[in-house]
Amino acid sequence: MVKKRILFIAHHNNDFDHFLPLIVNYKKDRDISTKILAFYTKDGILKNKLHKYICTSNSIELDSMMDICHFGKINNLLNKIHLFVLTHLKEGEKTDSRSKRIKQMTAGFIKSPLNTVLRFLHYSFLRYHVISSIFLLTQKNINKYIDSNNIDLVIIDQRTADESLIDSKPINRFIDAYTGKIDPMNLVLLRFAKTAREMKIPILMMPHGPQPISKPNIDPKNKLRIEKLKDPFRPDFLFLGSEKELSSLHHMEGIRSTFYLGDPRFDIEWINYLESCALDVYGPTVTKPADKKVLLYLMDIFTYDLTNNFEYKKRMHQDILSLVNYFPDLEVWVKHHPRDVFDIPLDDFIVNDKRRSIKQFGNDTDTNILLAKADICLAASSTVLISPILQRKPVIFYDKWKEVLQNATSIYDGVSFKASSRKELITQCEKILKGEYFIDDAYLEKLYRDVFSGNYLYENMLLKYNTQIDKILETYKIN
């Protein structure tokens with residue numbers, strides 16, 4: 001019997017996280033094999049130690065887009081140099097302010113000239129990757145890769161763009177990417193997907209994750225972007241966590257083969273597996289104090305206050321971090337969102353001798369090890385909070401933002417321990433530290449039903465994915 005082969009296309013860590021439960025499972029399946037194509041290189045994904053550990057443990061191999069382009073041998077050498085840069089580069093803060101960037105670069109060069117050079121090389125490589133994907137990745141290269149690997153199904157994350165932009169000539173692609181008409185990563189990913197479809201290979205689009213907050217027109221920019229799509233690329237199959245997710249994907253409405261199957265990343269077996277792997281990889285490097293409890297604050301990039309979101313979120317950060325002023329036996333760990341890493345200044349609201357009780361983590365530390373070590377998890381809208389909720393760990397949902405987002409609802413609304421002010425935050429934290437935490441099965445069952453289309457608590461979502469994908473591989477033919 002000839003094995004069926006699935007191609008997963010991942011263009012950063014987030015996509016790869018979505019695919020990993022399926023990929024690991026298929027490594028145990030004798031009838032289905034997988035290929036993983038990483039944009040722009042596999043090193044961008046495998047620099048995450050947890051990803052590398054899981055791939056090594058399960059004999060998972062990745063291909064790099066840069067190896068498919070013209071000048072493959074030269075690119076292979078450049079990839080090795082870039083890997084060296086990634087390995088030794090220290091993470092820096094991100095800012096949208098040009099003046100702050102200049103100050104950071106100047107201060108960074110004085111503090112560490114080598115790291116400044118490495119950062120410059122890193123961004124230079126990224127620019128080269130974009131140029132290569134536009135000019136050196138030809139249609140012939142794409143056809144050859146798909147054909148030589150005998151692909152039966154292509155799985156991608158939720159991405160779209162106008163079909164006319166995907167089909168344009170190299171110089172037009174460059175102009176469109178440079179002027180912001182299309183994201184260069186979306187461009188190259190959808191070029192692969194469109195080519196596969198032309199080769200009679202079906203395209204399956206995976207869910208990007210549940211929306212933690214629901215409110216009409218909450219993201220006017222995203223709504224405008226979708227409304228401007230004249231002829232959006234649409235998959236042959238669309239998997240979503242629940243029917244509610246379709247409300248933010250108007251351009252995907254009407255796809256006949258749409259299935260609501262949940263999200264395998266939140267299967268309890270997978271959550272526990274990630275936690276055990278994280279302890280193996282990072283266990284000795286992330287330590288918690290023996291005499292204190294740890295509260296993990298999971299930050300987000302959500303826009304709460306449309307007029308002055310930065311200042312509003314700053315006040316929310318201060319409410320949460322100032323808990324160390326009230327609880328001498330508490331340490332607060334802050335996990336910044338991967339796309340918004342910055343240092344929260346503590347001088348104006350944290351007592352001097354309490355500042356050591358706050359630790360801030362960026363992209364150098366995987367979230368799963370922090371989840372494994374934390375005693376309490378807190379979030380305002382991060383979807384990561386779902387994992388400790390399902391593990392029945394103590395959590396606090398901080399919904400202070402509802403004072404500026406009226407009529408908004410959240411998937412966490414029914415959770416037992418929530419707070420809407422600093423005072424309530426202190427009260428809930430105090431209860432948990434006294435051992436009074438509880439979570440209702442009724443809420444967990446509702447979460448599974450509403451967010452993951454589950455029929456019962458802890459239903460295996462991976463099994464539902466496998467069943468539907470098997471049907472696609474067995475029966476689907478493109479006309």
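Below, all heavy atoms of this structure are taken into account, side chains as well, without hydrogens, waters or symmetry copies.
- Here the CZ-CG distance, from Phe16 to Asp157, works out to 13.5 Å after rounding to the nearest 0.5 Å.
- The distance from atom CE of Met65 to atom CG of Asn141, rounded to the nearest 0.5 Å, is 10.0 Å.
- Side-chain atoms of Ser381 and Asp300 include a donor-acceptor pair closer than 3.5 Å.
- Nearest approach of Ile68 to Leu37, heavy atoms of both residues: CD1-CD1, 3.5 Å.
- Contact annotation: the side chain of Leu137 approaches that of Arg191 to within less than 4.5 Å [non-hydrogen atoms, C-beta and beyond].
- Surrounding NZ of Lys292 are more than 12 heavy atoms belonging to other residues, nucleotides or ligands, all under 6.0 Å away.
- Residues Phe192 and Tyr145 form a side-chain contact, since some pair of their non-hydrogen atoms from C-beta on lies under 4.5 Å apart.
- Side-chain atoms of Asn368 never come within 3.5 Å of backbone atoms of Glu275 as a donor-acceptor pair (strictly under, hydrogens ignored).
- Nearest heavy-atom pair across Asp63 and Lys35 is OD2-NZ, 3.0 Å.
- What you find for Ile134 and Pro170 is that their closest heavy atoms are CG2-O, 3.3 Å.
- A distance-only check finds a donor-acceptor pair linking the side chain of Ser64 to the backbone of Lys42 [under 3.5 Å].
- Of the possible donor and acceptor atoms, one in the side chain of Arg234 sits under 3.5 Å from a partner among the backbone N and O of His251.
- The local environment of CZ in Phe135 is crowded, with over 12 non-hydrogen atoms from other residues, nucleotides or ligands closer than 6.0 Å.
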Audit row: Leu433, Ile376, side chain to side chain contact (heavy atoms under 4.5 Å, CB included) steps and yes/no: CA-CA 9 Å; Leu433 292 174; Ile376 308 168; 4.1 Å; yes

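- The CG atom of Leu298 sits 10.5 Å away from the NE2 atom of His337 when rounded to the nearest 0.5 Å.
- By the 4.0 Å N-to-carboxylate-O rule, Asp375 lies close enough to Lys288 to be salt-bridged with it.
- Considering only heavy atoms from C-beta on, Leu7 stays 4.5 Å or farther from Ile201 through its side chain.
- Remark: side-chain polar atoms of Trp333 are not paired, donor with acceptor, to backbone N or O of Leu370 under 3.5 angstrom.
- Annotation: the span from Thr367 atom OG1 to Asn48 atom CG amounts to 9.0 Å, rounded to 0.5 Å.
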Working for side chain to side chain donor-acceptor pair (under 3.5 Å), residues Asn79 and Asp43: CA-CA 8 Å; Asn79 288 345; Asp43 300 322; 5.6 Å; no

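- Phe239 has its ring centre no less than 6.0 Å from the ring centre of Phe237.
- Annotation: Lys359, atom NZ; neighbour count of heavy atoms from other residues, nucleotides and ligands within 6.0 Å is above 12.
- Between the side chains of Tyr282 and Asp366, not a single donor N or O lies within less than 3.5 Å of an accepting N or O.
- Across Thr41 and Met66, no two heavy atoms sit closer than the pair CG2-CG, 3.7 Å.
- With Tyr40 as reference, Met185 is the one residue of His82, His11, Met185 to meet the side-chain contact (heavy atoms from CB on, under 4.5 Å) rule.
- Using a 4.5 Å heavy-atom threshold, the side chains of Ile386 and Ile411 count as touching.
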Intermediate values then yes/no, side chain to side chain contact (heavy atoms under 4.5 Å, CB included), Leu204 and Val154: CA-CA 6 Å; Leu204 164 61; Val154 173; over 6 Å; no

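- Around CD of Glu61, the count of heavy atoms belonging to other residues, nucleotides or ligands within 6.0 Å does not exceed 12.
- Judged purely by atom type and a 3.5 angstrom limit, Ser322 uses its side chain to pair as donor or acceptor with the backbone of Asp319.
- At least one donor-acceptor pair closer than 3.5 Å links the side chain of Asp152 to the backbone N or O of Arg5.
- Asn75 places a side-chain N or O within 3.5 Å of a backbone atom of His70 that can act as its donor or acceptor partner.
- No hydrogens or angles considered: a donor-acceptor pair under 3.5 Å links the side chains of Arg265 and His18.
- The minimum heavy-atom distance between Val395 and Ile389, with the atom names listed, is CG2-CG1, 3.7 Å.
- By the 4.0 Å N-to-carboxylate-O rule, Lys194 lies close enough to Glu198 to be salt-bridged with it.
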Verdict with supporting geometry, Trp401 and Tyr312, side chain to side chain contact (heavy atoms under 4.5 Å, CB included): CA-CA 9 Å; Trp401 48 264; Tyr312 188 80; 4.2 Å; yes

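- Contact of the Val451 side chain with the Ser242 side chain is not registered, since no non-hydrogen atoms from C-beta on lie closer than 4.5 Å.
- Distance OH/Tyr465 to OH/Tyr26: 11.0 Å, rounded to 0.5 Å.
- In this structure, Met299 and His317 have side chains that are in contact, with non-hydrogen atoms separated by less than 4.5 Å.
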Side chain to side chain contact (heavy atoms under 4.5 Å, CB included) between Ser133 and Phe39, intermediate numbers included: CA-CA 9 Å; Ser133 71; Phe39 291 169; over 6 Å; no

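- The side-chain heavy atoms of Gln139 and Asn143, taken from C-beta on, include a pair separated by under 4.5 Å.
- When the shell of 6.0 Å around NZ of Lys181 is examined, it contains 12 or fewer heavy atoms from other residues, nucleotides or ligands.
- A heavy-atom distance below 4.5 Å is found between the side chains of Phe266 and Pro210.
- Heavy-atom neighbours of Arg392 CZ from other residues, nucleotides or ligands within 6.0 Å: above the threshold of 12.
- Checked by atom type and distance alone, the side chain of Asn76 never pairs as donor or acceptor with a backbone atom of Gly72 at under 3.5 Å.
- Of all heavy-atom pairs between Leu462 and Asp267, the closest is N-OD2, 2.9 Å.
- Looking at Arg355, its side chain does come within 3.5 Å of a backbone N or O of Ile350 through a donor-acceptor pair.
- The line from CG of Leu165 to CZ of Phe233 is 13.5 Å long, rounded to the nearest 0.5 Å.
- Under the 4.0 Å criterion applied to side-chain N and carboxylate O atoms, Asp305 and Arg315 are not assigned as salt-bridge partners.
- Taking a 6.0 Å sphere around NZ of Lys293, one finds it holds 12 or fewer heavy atoms contributed by other residues, nucleotides or ligands.
- Between Phe174 and Tyr178, the ring planes are parallel. Angles under 30° get that label, and only those over 60° would be called perpendicular.
- With hydrogens and angles disregarded, a donor-acceptor distance shorter than 3.5 Å links the side chain of Ser410 to the backbone of Pro212.
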